[in-house]
Amino acid sequence: MHDKTIYDTGASFGKTQSVFCQAVRPNKEDLNMSRKITIIGAGSVGATIAYTLAMDNNSASEIVLIDINKEKVEGEVMDIAQGTFFREPVSIIAGDYEDARGSDIVIITSGIARKPGQTRIELTQTNVNILKSITPQITAAAPDALYVIVSNPVDIMTYVFTKISGLKESQVIGSGTILDTARLRYGLSQHYDIAQKNIHAYVFGEHGDTSFVPWSRADISGASLEEYPELRKKEGKEFATLDKDAMAEYVHKSGGQIIARKGATFYAISASVCKLCSSLMASSDSVMTVSSMMHGEYGIDDVCISTLTLVGPQGIKSKLEVKLTDEEVEKLQHSANALKDVIKAIEL
């Protein structure tokens with residue numbers, strides 16, 4: 001049986017036409033690498049994630065987009081589907097929770113968007129309530145999926161979902177500071193005039209105001225940030241001294257600056273989430289700064305926060321508790337405590 005979503009395209013040649021979005025669900029046995037991804041929330045972030053996945057031959061073979069606004073989600077799917085001519089066949093539908101059955105990954109983006117000048121924490125109770133209404137419906141349909149939480153404030157939402165979903169903790173991955181880390185590496189690549197892939201530096205803690213850069217773990221292809229400029233001097237390349245505080249400020253303020261200029265951020269977070277999904281579907285594990293439950297690492301318990309984490313086809317595998325300086329451990333604990341204060345103040 002083929003599921004179809006019908007769209008009214010309006011008058012054409014004097015009469016109304018209806019067209020069908022490609023929505024034939026292939027049997028997984030018929031495809032070598034069939035992957036089904038469901039996205040909940042068809043706002044700017046959710047729709048951009050769906051588009052990015054739909055344009056990538058190496059990601060999903062089935063995409064389900066779900067939103068309370070049925071017309072909006074149907075319009076998004078119709079628009080995206082009409083561009084899939086330029087890639088290998090993919091099924092993309094505007095669906096309901098029942099359509100999520102068999103999903104390998106479920107991405108949750110639902111929530112109220114952050115407004116200019118508003119902190120992520122101020123969003124908390126409203127978005128927690130939305131998540132609480134979504135969780136039993138989606139987990140009943142897709143109990144075996146890996147869940148990627150993107151809704152803000154993401155660390156709180158990841159914590160709430162972990163607590164109320166009844167799923168294994170390994171199945172729940174918050175997007176955490178993967179976007180912050182991407183912003184940091186972009187900034188450092190601009191400063192040092194080197195490809196981002198050669199930079200190994202991370203943002204730890206909350207995806208928000210209390211995050212920080214553990215500079216003791218940063219390097220460029222094995223050379224410390226202090227050593228690298230000296231090495232490049234041999235070829236006559238000169239760099240200004242890195243202002244670490246200014247770079248950290250750039251990471252902290254980038255999201256707010258984008259929101260002030262264009263109203264929302266969605267391209268970079270979409271790329272980050274799609275990269276995470278790729279890692280979750282890969283044949284080997286990857287290390288990423290995702291948010292997940294802490295169990296004593298760095299003296300932190302019962303909160304979801306971002307540190308170096310091994311992720312792969314089984315979801316969260318383990319945390320890499322790399323050595324940090326005493327000051328960096330204090331910053332991480334401060335970030336965790338700030339999140340715990342918010343958790344105490346909300347109704348789960």
Side-chain angles (χ1 to χ4, degrees), residues 39 41-52 107-128 130-131 148-160 173-191 196 199 201-215 218 243-277 288-292 304-307 331-332 334-336 338-339 341-342:
I39 304 159
S44 296
V45 172
T48 306
I49 291 171
Y51 169 77
T52 306
I107 303 168
I108 299 180
T109 73
S110 299
I112 303 302
R114 186 160 60 116
K115 299 179 176 63
Q118 183 183 38
T119 69
R120 293 181 178 87
I121 298 303
E122 290 170 341
L123 294 172
T124 303
Q125 190 64 62
T126 297
N127 284 351
V128 164
I130 293 171
L131 183 65
V148 175
I149 312 301
V150 184
S151 306
N152 275 319
V154 66
D155 302 289
I156 304 295
M157 301 290 273
T158 304
Y159 179 87
V160 171
I173 307 104
S175 58
T177 60
I178 54 176
L179 173 55
D180 309 74
T181 294
R183 287 169 173 160
L184 172 64
R185 293 186 181 186
Y186 172 77
L188 291 173
S189 76
Q190 295 297 295
H191 181 83
Q196 296 178 53
I199 295 172
Y202 308 90
V203 177
F204 278 25
E206 169 205 4
H207 174 54
D209 295 337
T210 63
S211 67
F212 70 99
V213 180
W215 293 108
D243 186 334
K244 294 180 178 178
D245 290 338
M247 185 61 68
E249 185 77 358
Y250 165 77
V251 172
H252 279 144
K253 300 298 184 182
S254 288
Q257 291 173 355
I258 293 168
I259 290 170
R261 286 169 168 81
K262 59 174 282 188
T265 65
F266 41 88
Y267 295 134
I269 184 58
S270 171
S272 301
V273 171
C274 291
K275 175 61 177 176
L276 173 56
C277 289
M288 306 184 77
T289 52
V290 296
S291 185
S292 62
C304 290
I305 203 165
S306 291
T307 61
K331 288 182 177 180
L332 186 59
H334 169 71
S335 190
L339 288 168
D341 288 342
V342 176

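- Using a 4.5 Å cut-off on side-chain heavy atoms (C-beta onward), Leu332 and Phe212 make contact.
- Counting heavy atoms from C-beta outward, Ile49 and Ile269 have side chains that stay 4.5 Å or more apart.
- Between Phe204 and Pro214 the shortest side-chain heavy-atom distance falls below 4.5 Å.
- Here the CZ-CD1 distance, from Arg261 to Ile259, works out to 12.0 Å after rounding to the nearest 0.5 Å.
- Taking both residues in full, the closest heavy atoms of Leu179 and Ala268 are given as CD1-CB, 3.5 Å, listed atom of the first, atom of the second, then distance.
- Thr109 and Ser151 form no side-chain donor-acceptor contact under 3.5 Å, judged by distance and modelled atom types alone.
- Closest heavy-atom contact between Cys304 and Leu339: O-CD1, 3.6 Å.
- Between Thr307 and Thr289, every side-chain heavy-atom pair lies at or beyond the 4.5 Å cut-off.
- Looking only at side-chain heavy atoms (C-beta outward), Met247 and Val213 stay at 4.5 Å or farther from each other.
- In this structure, Arg183 contributes its side chain and Tyr250 its backbone to no donor-acceptor pair below 3.5 Å.
- The local environment of NZ in Lys253 is sparse, with at most 12 non-hydrogen atoms from other residues, nucleotides or ligands closer than 6.0 Å.
- Atom OH in Tyr267 sits 6.5 Å away from atom OG1 in Thr48 (nearest 0.5 Å).
- Rounding to the nearest 0.5 Å gives a distance of 9.5 Å between OH of Tyr186 and OG of Ser254.
- For the atom pair CE (Met288) and OG (Ser175), the distance works out to 10.0 Å, reported to the nearest 0.5 Å.
- With hydrogens and angles ignored, the 3.5 Å screen pairs no side-chain donor or acceptor of Thr177 with any backbone N or O of His207.
- Closest approach of Ile130 and Gly111 over heavy atoms only: CD1-CA, 3.9 Å.
- Put simply, the side chain of Ile108 does not reach to within 4.5 Å of the side chain of Val148, judged on heavy atoms.
- Between Arg185 and Gln196 the shortest heavy-atom distance is O-CG, 3.8 Å.
- Between Ala218 and Ala201, the shortest heavy-atom contact is CB-CB, 3.8 Å.
- In this structure, NE2 in His191 is found 9.0 Å from CG in Asp243, a value given to the nearest 0.5 Å.
- Residues Ile107 and Cys277 form a side-chain contact, since some pair of their non-hydrogen atoms from C-beta on lies under 4.5 Å apart.
- Across all their heavy atoms, Asn152 and Asn127 have their closest contact at O-ND2, 2.7 Å.
- Distance OH/Tyr51 to OG/Ser270: 10.0 Å, rounded to 0.5 Å.
- In this view, Thr210 and Glu206, Ser335 satisfy the side chain to side chain donor-acceptor pair (under 3.5 Å) rule, not counting sequence neighbours.
- When the shell of 6.0 Å around CZ of Phe266 is examined, it contains more than 12 heavy atoms from other residues, nucleotides or ligands.
- For the side chain to side chain contact (heavy atoms under 4.5 Å, CB included) with Ser291, the qualifying choice from Ile156, Asp155, Ile173 is Asp155, the only one to do so.
- Inter-residue side-chain proximity for Val150 and Val154 is flagged as unmet; no heavy-atom pair is nearer than 4.5 Å.
- Side-chain atoms of Asp180 never come within 3.5 Å of backbone atoms of His252 as a donor-acceptor pair (strictly under, hydrogens ignored).
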